[in-house]
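Okay, so here's the structure we're looking at.
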Amino acid sequence: MKERLRLPSFRLEGRVALVTGAGNGIGAGIAAGLAEAGADIVLVGRTLGPLEQTAREVRAHGREASIFPCDVTERSAIRSVIAALPRLDILVNNAGVSIPEPLL
């Protein structure tokens, strides 16, 4: 794990954060940062393997990690995720898509 800047006043104990696109890149970094601040994390992304890696990092901070592999563009899938949560305090809507095609 990389050493991160510590912000003692930024504490999130007792909070639950859902991060979409949490399997890699910015989403994985946000999930780890929120866990370091004390939040339990709900990890959402399309691919199980990367979500499991992010969950290991969240747990290394002593926080709980819940994994929900799904495509957030499918309304029924994301509704099922939300319905399964006992509470939700923070939402980081980080998931994105890239459609390589000409601008014009």
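Reckoned from all heavy atoms, side chains included, excluding hydrogens, waters and symmetry mates.
Heavy-atom contacts from other residues, nucleotides or ligands closer than 6.0 Å to CD1 of I82 number more than 12. In the displayed structure, R75 atom CZ is contacted under 6.0 Å by at most 12 heavy atoms of other residues, nucleotides or ligands.
With contacts defined as side-chain heavy-atom distances shorter than 4.5 Å, the pair L43/F68 does not qualify. Put simply, the side chain of P69 does not reach to within 4.5 Å of the side chain of T47, judged on heavy atoms. Side-chain contact between I67 and E52 is present, with heavy atoms from C-beta onward closer than 4.5 Å. Here the side chains of C70 and V81 are in contact, with some heavy-atom distance below 4.5 Å. Contact annotation: the side chain of R15 approaches that of I90 to within less than 4.5 Å [non-hydrogen atoms, C-beta and beyond]. Taking 4.5 Å as the limit, some side-chain heavy atom of L18 sits within range of a side-chain heavy atom of V44.
Under the 4.5 Å side-chain heavy-atom criterion for grouping Ile, Leu, Val, Met, Phe, Trp and Tyr, V92 is not connected to L85 through any hydrophobic cluster. Hydrophobic cluster membership differs between I30 and L91, with clusters built from Ile, Leu, Val, Met, Phe, Trp and Tyr side chains linked at under 4.5 angstrom.
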Walk me through it: do D89 and L12 pass the test side-chain contact (heavy atoms from CB on, under 4.5 Å)?
CA-CA 10 Å; D89 302 300; L12 299 173; over 6 Å; no
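Going from atom CD of E57 over to atom CZ of R63 covers 14.5 Å, rounded to the nearest 0.5 Å. Separation of atoms NE2 (H61) and CZ (R56) is listed at 14.0 Å; rounding is to 0.5 Å. Separating the CG atom in D71 from the OG1 atom in T20 is a distance of 11.0 Å, to the nearest 0.5 Å. In this structure, CD1 on I41 lies 10.5 Å from OG1 on T54, to the nearest 0.5 angstrom.
The minimum heavy-atom distance linking A22 with L51 is given by the pair C-CD2, 3.9 Å. Across all non-hydrogen atoms, the minimal contact from V58 to A35 is CG1-CB, 3.8 Å. Residue G23 comes nearest to P50 through the heavy atom pair O-CB, 3.2 Å, listed as atom of the first residue, atom of the second, then distance.
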